[in-house]
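Everything on this sheet refers to the single structure shown next.
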Number of protein chains: 2
Amino acid sequence: MEMLDSPSLACEQHRLLHDIYILLDDGDRQVLDATGLTPLEFAVLQRLHRDQGRRLTDIGTELFCVKSTITRLVDRLEAGGLVRRTPDPDDRRAQRLRLTTRGVLVRDQAIRLHSEAVERRMAVLNNEEQFLLRGLLEKLHSGLR
Amino acid sequence: MEMLDSPSLACEQHRLLHDIYILLDDGDRQVLDATGLTPLEFAVLQRLHRDQGRRLTDIGTELFCVKSTITRLVDRLEAGGLVRRTPDPDDRRAQRLRLTTRGVLVRDQAIRLHSEAVERRMAVLNNEEQFLLRGLLEKLHSGLR
DNA sequence: TATACTTGTTTGCAACTTCAACTATTCTAC
DNA sequence: GTAGAATAGTTGAAGTTGCAAACAAGTATA
């Protein structure tokens, strides 16, 4: 018997969320390509400031990825002159991460390009639908954690 | 100037979709771990039948991944005895992919485990909300392609 | 203070995915 | 029918990520 039950509502949503993510991520990659950043690198830059340092681990947990991923990603960003590691004055194990001047520039350009693209793509839904969707997604998100 | 505009509605939704995807994918990985499959391997098995062959490229485009990814993924599945490559009678370049007996078993178990888990996780939303969400996601999805 | 436990970061290793180049076959257009 | 383009699949090299173990430094407990 090869017959399977038709996929449940929940599974359909799961698949839709998956496919939408793939499409969005692909779009992000294309847009960010102009800045030389991957989506994850972009996400890290987005969370940094020029003056105020952040610890690698904190960024890692925010982005749902393990510490070693951040270590190597920061290695790349640092090699590219976008960020700088500085020792944490309060905890000698930790590193504080700050944007360089160039990092600020690149980040701001990336944010501009990215949010324009996101606006454009999400414009498939009108304002009312977007509010509705956000509400549902927020509920789902907080339920999943 | 470090001030940035507060993120737009569209960007918020983008971020929510991203975070939800990460959480769902992580859950999938945990559930599927019992079957030894990655989410992508599972997705391939889901699209196969015992008797009816499918071409690698078709599966690849359905799953939004490049041909070489499918080649190696199928290498793994074939080494594990879950699928079998057979030459396409109509096109000597192509390979038809079929599930083995064991493949059917593993796939069915995986589908069972996976959809149970998905039901459980999506149950955060009640039925009405799920219908609403599906409608919005479908619209977004078809708009993004 | 000595001991064990936790935390922040890095490193080696393995797995997975992609890109580009390649072979073999099929399709198209003259 | 034949030259050139397109398609199916594979392969090698490179990039990204995660896991486990290491190390250093902080915290807690006796």
Side-chain angles (χ1 to χ4, degrees), chain A residues 18 21-23 25-30 32-33 35-45 47-48 53-80 82-98, chain B residues 18 21-23 25-30 32-33 35-45 47-48 53-80 82-98:
Chain A
H18 178 270
Y21 169 77
I22 301 288
L23 291 170
D25 188 62
D26 191 58
D28 288 352
R29 246 166 244 283
Q30 286 178 31
L32 291 174
D33 198 50
T35 65
L37 298 171
T38 66
L40 190 54
E41 287 164 357
F42 172 60
V44 170
L45 291 191
R47 284 164 174 77
L48 292 181
R54 299 206 54 197
R55 296 185 323 178
L56 303 200
T57 306
D58 296 342
I59 295 173
T61 44
E62 262 183 43
L63 300 177
F64 303 106
C65 59
V66 300
K67 301 172 295 180
S68 59
T69 302
I70 300 294
T71 293
R72 293 191 234 253
L73 188 151
V74 168
D75 288 347
R76 297 198 294 274
L77 292 176
E78 201 168 26
L82 301 180
V83 304
R84 215 176 45 240
R85 271 184 251 238
T86 51
D88 186 323
D90 303 330
D91 186 339
R92 281 189 296 168
R93 293 168 302 182
Q95 301 280 347
R96 294 274 168 186
L97 207 57
R98 286 179 181 75
Chain B
H18 178 271
Y21 168 78
I22 301 288
L23 291 170
D25 187 62
D26 191 59
D28 289 352
R29 246 167 244 284
Q30 285 179 32
L32 292 173
D33 198 51
T35 65
L37 298 171
T38 66
L40 191 55
E41 287 164 358
F42 172 59
V44 170
L45 292 191
R47 283 163 175 78
L48 293 181
R54 300 206 54 196
R55 296 188 324 181
L56 303 201
T57 306
D58 296 342
I59 295 173
T61 45
E62 261 184 44
L63 299 178
F64 303 106
C65 59
V66 299
K67 302 174 297 179
S68 58
T69 303
I70 300 294
T71 294
R72 294 193 229 256
L73 188 151
V74 168
D75 288 347
R76 297 198 294 273
L77 292 176
E78 200 168 25
L82 301 181
V83 304
R84 216 176 45 241
R85 272 184 250 239
T86 52
D88 185 323
D90 304 329
D91 186 339
R92 281 189 296 168
R93 294 169 301 181
Q95 300 280 346
R96 294 273 166 186
L97 206 57
R98 285 179 181 75

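The sequence lines fix the lettering, A, B, ..., with proteins before strands; numbering per chain opens at 1.
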TODO: Test side chain to side chain contact (heavy atoms under 4.5 Å, CB included) on A:Leu82 and A:Glu41 and set out the steps.
DONE: CA-CA 10 Å; A:Leu82 301 180; A:Glu41 287 164 357; over 6 Å; no
For [X] and [N], what is the distance between atoms [atom1] and [atom2] respectively, to the nearest whole Å?
X	N	atom1	atom2	result
B:Asp88	D:dA8	CG	C1'	10 Å
B:Leu77	C:dT17	CG	P	11 Å
A:Ile59	D:dT17	CD1	P	14 Å
A:Phe42	D:dT16	CZ	P	18 Å
B:Leu73	C:dT18	CG	P	10 Å
B:Ile22	D:dT17	CD1	P	11 Å
B:Asp90	C:dC27	CG	C1'	15 Å
A:Leu63	D:dT17	CG	P	11 Å

Within the 4.0 Å heavy-atom criterion, would you say [X] contacts the bases, only the backbone, or no part of the nucleic acid?
X	value
B:Arg85	sugar-phosphate
A:Ile70	nothing
A:Thr71	base

So which heavy atom on [X] is nearest to which on [Y], and how close?
X	Y	result
A:Val83	A:Glu78	O-CG, 3.5 Å
B:Leu97	B:Ile59	CD2-CD1, 4.1 Å
A:Leu63	A:Val44	CD1-CG2, 3.6 Å

Task: All side chain to side chain contact (heavy atoms under 4.5 Å, CB included) counterparts of A:Phe42, not counting sequence neighbours - done: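 Listed in chain order: A:Leu32, A:Leu37, A:Gln46, A:Ala110, A:Ile111, A:His114.
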Open item on the list: Closer than 4.0 angstrom, basic N to acidic O: yes or no for A:Arg29 and A:Asp33?
Closed with: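 Answer for the salt bridge query: no.
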- [ ] Please work out whether the ring planes of A:Tyr21 and B:Tyr21 are parallel, tilted or perpendicular, with thresholds of 30° and 60°.
- [x]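 It falls in the parallel class, under 30°.
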Side-chain N or O of [X] less than 4.0 angstrom from OP1 or OP2 on [N]?
X	N	value
B:Arg76	C:dA14	no
B:Arg55	D:dG9	no
A:Arg93	D:dA22	no
B:Arg92	D:dA8	no

Task: Among D:dA25, D:dT10, D:dT16, the one nearest A:Asp91 by side-chain distance - done: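 The answer is D:dA25.
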N/O-N/O pairs, protein side and nucleotides 19-21 of chain C side, under 3.5 Å:
from   : atom 1 : to      : atom 2 : distance (Å)
C:dC19 : N4     : B:Ser68 : OG     : 3.0

TODO: Between B:Leu56 and A:Leu40, just flag the one whose closest nucleotide in DNA chain D comes earlier from the 5' side.
DONE: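 Looking at the nearest nucleotide for each, B:Leu56 comes out on the 5' side.
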